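Below you'll find the structure, written out as C-alpha cells, and then a few comments.
When a residue number appears, it is its place in the shown sequence, counting from 1. Whatever order the structure lists them in is the order used to number ligands and atoms, beginning at 1. Nothing here was measured: the structure is a model prediction, and the numbers come from that model.
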Amino acid sequence: MIEEYAIPGASGILEDLTAYAAPDMLRHMVLDFRQMRSFVTDPLVMARAEGIYYWDVYGKRYLDGISGIFVVNVGHGNRRVLNALHEQLERICFAPPLHGTNVPAVELANLLADITPGDLNTIKLLSGGSEATEAAMKLTRQYHRQTGNPGKYKILSLYKGYHGATFGALSATGTAKRKIPFEPTLPGFIKAMPPSCHACPFGLRYPTCGITCVDQIDRIIELEGPETVAAVIMEPISNTGGITTPPPEYLPRLREICDRHGVLLIFDEVITGFGRTGQMFAAQTFEVLPDILCMGKGMGSGYGPLAGLAMRDHVAQAFWGEDGANIEFSHGHTFGGNPLSSAAGVAAIREVLDRDLLANARRIGDHLRARLDELSSLNVITDIRGKGLLIGFGLARDVAKGVPWAAEVRFGQQVARRAMEKGLILRADPDWIALAPPLTITEEEADLLFDLLAESLREEVEARRG
Ligand SMILES: Cc1ncc(COP(=O)(O)O)c(C=O)c1O
C-alpha cells in the first residue's frame with residue numbers, strides 16, 4: 001500500500017496536491033466527529049494558510065471565520081511565532097517534564113503567571129484542552145484530600161457544556177450526543193442546568209428570573225451534601241450551548257456559592273482564553289476569579305499542541321509542602337511543557353500583548369455585532385450573544401412571531417454549507433451560528449466575512465420561505 005503512494009522529491013510531498021483529496025488516500029484516516037464515508041465524497045484538505053485565510057489542495061481560498069476551531073488567535077503563518085519555532089528547533093525539541101523542564105517552558109509559566117488575573121500564579125503545562133480539564137478535576141480531588149476534606153469528590157458541571165473527549169472530561173461534559181456512545185461515564189459527576197437566557201431551561205426571563213439557574217447550583221450542592229462536592233467546572237461562555245453568555249450576576253454569585261460550600265471553582269477557558277472575549281481571559285471580562293483556570297486552543301495559537309492550567313496560591317500551597325513531604329500533584333503527561341509548543345506559546349502570547357489584539361477583538365467584535373444588526377429585517381436572527389470576537393447568534397423561522405425552524409431543516413448548518421461554498425468557514429448548529437475569526441482580523445476583512453455570511457443567510461432564507 002505504502003509503495004503505491006511513493007513520494008517523489010525530497011520534500012515528501014506529492015506534486016499534485018489534489019491527490020491528497022482522493023478517497024483512496026483519505027480512507028486511511030478517521031477525523032473528529034465525522035462520518036468518513038460521507039467525508040471522502042466531499043473532503044476538505046487544506047494545503048496552506050496565511051493570515052485569516054486557508055487554501056485547500058485545489059487552490060480554493062477560505063476565510064477562516066472560526067480561527068481553525070477557536071485556536072488560531074494570532075492568525076495563520078504568523079511570522080513572529082514561526083521565527084520562534086525555527087530558533088527553538090535548532091536548540092532543543094524535547095525534554096521530559098518528569099525529572100526536569102526546559103527554558104521555553106519556564107519562560108511560558110512565568111508569562112502565564114503574569115497575565116492571569118489575581119493569584120493564579122502556579123502553572124501546569126499540558127498539551128490539549130481535555131488534558132487541562134481532566135488535570136484540573138484530578139487536582140481538586142487531591143487538594144481536598146490533602147486539606148482535610150477527603151470526602152469531597154463530586155464534580156458539578158453544566159448540561160450542554162463541553163470539557164473534552166477523554167473519560168473524565170467527557171463525564172463532566174453535558175452534551176448527550178457526545179456521551180451516549182460511551183456510557184456509562186464515570187461516577188461522581190453531577191449536572192445542573194446552564195444559564196441559557198436565549199432558551200431558559202426554567203421557562204423564565206431575565207432579569208425577573210432572579211437568576212434561578214445559579215441558585216439551582218446552590219440547592220444541588222446542599223442536596224448532594226457539600227461535604228461530598230469537590231468542584232464546579234464550567235465554561236464562562238459555552239460554545240456547545242450556543243455561545244451561552246451568563247447574565248452579569250451569574251458568575252459572581254456562583255463564586256460566592258462555591259466559597260460558602262468549600263467547593264473549588266474551575267473555569268474552562270479553553271475557548272475563552274487568550275484574548276477571545278476582548279480581555280486576556282473571560283475571568284477578567286466577567287471580573288470573577290476561579291480557583292483553577294484551564295487553558296488550551298489559543299494558548300499556542302495552533303503552532304504547537306499546548307494547554308495548561310493555572311491555580312491560585314491557596315491551591316498550590318497544598319502541593320508545595322513542607323521539606324520532604326510527599327504531596328506532589330500525582331499527575332503528568334510525556335509532552336507537557338514541550339519546548340517547541342512552549343516557544344510557540346510564548347511568541348503567540350507576546351503577539352497578543354504587543355499588538356494589543358485584545359483591543360482589536362473588542363473593536364472588531366463591536367463592528368461585527370453592529371453589522372449583524374443590519375440583518376434584522378430578515379426576521380431570522382433571534383439574538384446576538386458572546387463577548388469580543390466570540391460571537392453567536394440564534395436563528396428562528398419568524399423571530400417576530402416566535403416560530404422556530406423545524407429541527408430537520410437544520411437551518412444553521414444549511415447556511416454554513418452555503419458559506420463554505422462561497423469560501424467562508426463558520427461553526428454552526430441547527431439553530432445558531434458562531435463567528436470567531438483570528439484576533440488579527442481587520443475591519444475590511446471583517447466586512448468581507450460579514451458580506452459572505454449575509455449572502456449565505458439571505459439565500460437560504462429565500463430558498464426556504466420561497
Ligand atoms: C471548552 C472546551 N474545553 C475543552 C476542550 C477539549 O480540548 P481538546 O480538544 O484540545 O482536548 C474543548 C474542545 O473543543 C473545549 O471547547
Side-chain angles (χ1 to χ4, degrees), residues 30-34 66-73 124-139 155 157-175 177-179 182 185 189 191 194-196 231-246 251 265-277 281-283 285-286 290 292-310 331 333-336 338 341 344-345 348 385-392 425 427-429 432 434-436:
V30 177
L31 299 185
D32 292 7
F33 310 112
R34 261 317 286 248
I66 200 76
S67 300
I69 184 71
F70 308 106
V71 170
V72 191
N73 288 7
K124 174 118 186 109
L125 295 175
L126 300 156
S127 308
S130 306
E131 280 186 10
T133 55
E134 193 89 36
M137 292 186 284
K138 286 178 71 179
L139 186 75
I155 309 286
S157 58
L158 302 181
Y159 282 110
K160 295 201 169 187
Y162 184 73
H163 299 292
T166 52
F167 249 104
L170 189 67
S171 303
T173 286
T175 51
K177 201 169 94 188
R178 294 276 176 261
K179 287 206 298 189
F182 313 103
T185 51
F189 286 79
K191 303 275 182 307
S196 304
V232 170
I233 182 167
M234 67 166 296
E235 301 153 86
I237 297 177
S238 164
N239 163 43
T240 42
I243 315 297
T244 309
T245 313
L251 291 174
L265 178 58
I266 306 170
F267 277 178
D268 176 348
E269 294 228 30
V270 167
I271 285 180
T272 54
F274 301 96
R276 183 53 57 198
T277 66
F281 295 98
T285 299
F286 291 104
I292 300 171
L293 190 154
C294 299
M295 39 187 111
K297 291 192 186 270
M299 183 175 176
S301 236
Y303 291 83
L306 185 62
L309 62 80
H331 180 89
H333 293 279
T334 302
F335 295 114
N338 173 271
S341 297
R385 314 192 270 264
K387 303 269 182 197
L389 273 176
L390 180 55
I391 302 174
I425 303 177
R427 161 86 169 86
D429 257 42
W432 57 271
L435 306 175

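The side-chain heavy atoms of Ser127 and His333, taken from C-beta on, include no pair separated by under 4.5 Å. Inter-residue side-chain proximity for Leu251 and Phe267 is flagged as met; some heavy-atom pair is nearer than 4.5 Å.
If you take CE on Met299 and CG on Asn73, they are separated by 12.5 Å, rounding to the nearest 0.5 Å. The line from CD1 of Ile155 to NZ of Lys191 is 10.0 Å long, rounded to the nearest 0.5 Å. Atoms CD and OG1, from Glu235 and Thr133 in turn, are 10.0 Å apart once rounded to the nearest 0.5 Å. Remark: Asn239 CG to Asp268 CG distance equals 10.5 Å, nearest 0.5 Å.
Near Val270, meaning under 4.0 Å from any of its heavy atoms, are these atoms of ligand 1: 2 (C), 3 (N), 4 (C), 5 (C), 12 (C), 15 (C). With ligand atoms numbered from 1 in the order given, ligand 1 contributes 1 (C) to contacts under 4.0 Å with heavy atoms of Glu235. Set against the non-hydrogen atoms of Lys297, the atoms of ligand 1 under 4.0 Å away are 12 (C), 13 (C), 14 (O), 16 (O).
The residue Glu131 has no part lying near ligand 1, judged by heavy-atom distances below 4.0 Å. Contact annotation for His163 and ligand 1: only backbone heavy atoms (N, CA, C, O) come within less than 4.0 Å of the ligand.
Atom 8 (P) of ligand 1 has its closest protein heavy atom at Gly129 N, 3.5 Å. Closest to atom 3 (N) of ligand 1 among all protein heavy atoms lies Asp268 OD2, 2.7 Å. In terms of protein heavy-atom proximity, atom 9 (O) of ligand 1 is nearest to Ser130 OG, 4.3 Å. Considering only non-hydrogen protein atoms, atom 16 (O) of ligand 1 sits nearest to Ile271 CD1, 3.3 Å. The protein atom (non-hydrogen) at minimum distance from atom 15 (C) of ligand 1 is Tyr162 CD2, 3.7 Å.
In this model, a donor atom of one side chain and an acceptor atom of the other lie less than 3.5 Å apart for Ser67 and Arg276.
Glu269 does not count as a contact of ligand 1, since none of its heavy atoms falls under 4.0 Å from the ligand.
Screening Thr285, Thr244, Thr272, Leu293 against Pro236 for a side chain to side chain contact (heavy atoms under 4.5 Å, CB included) leaves a single residue, Thr272.
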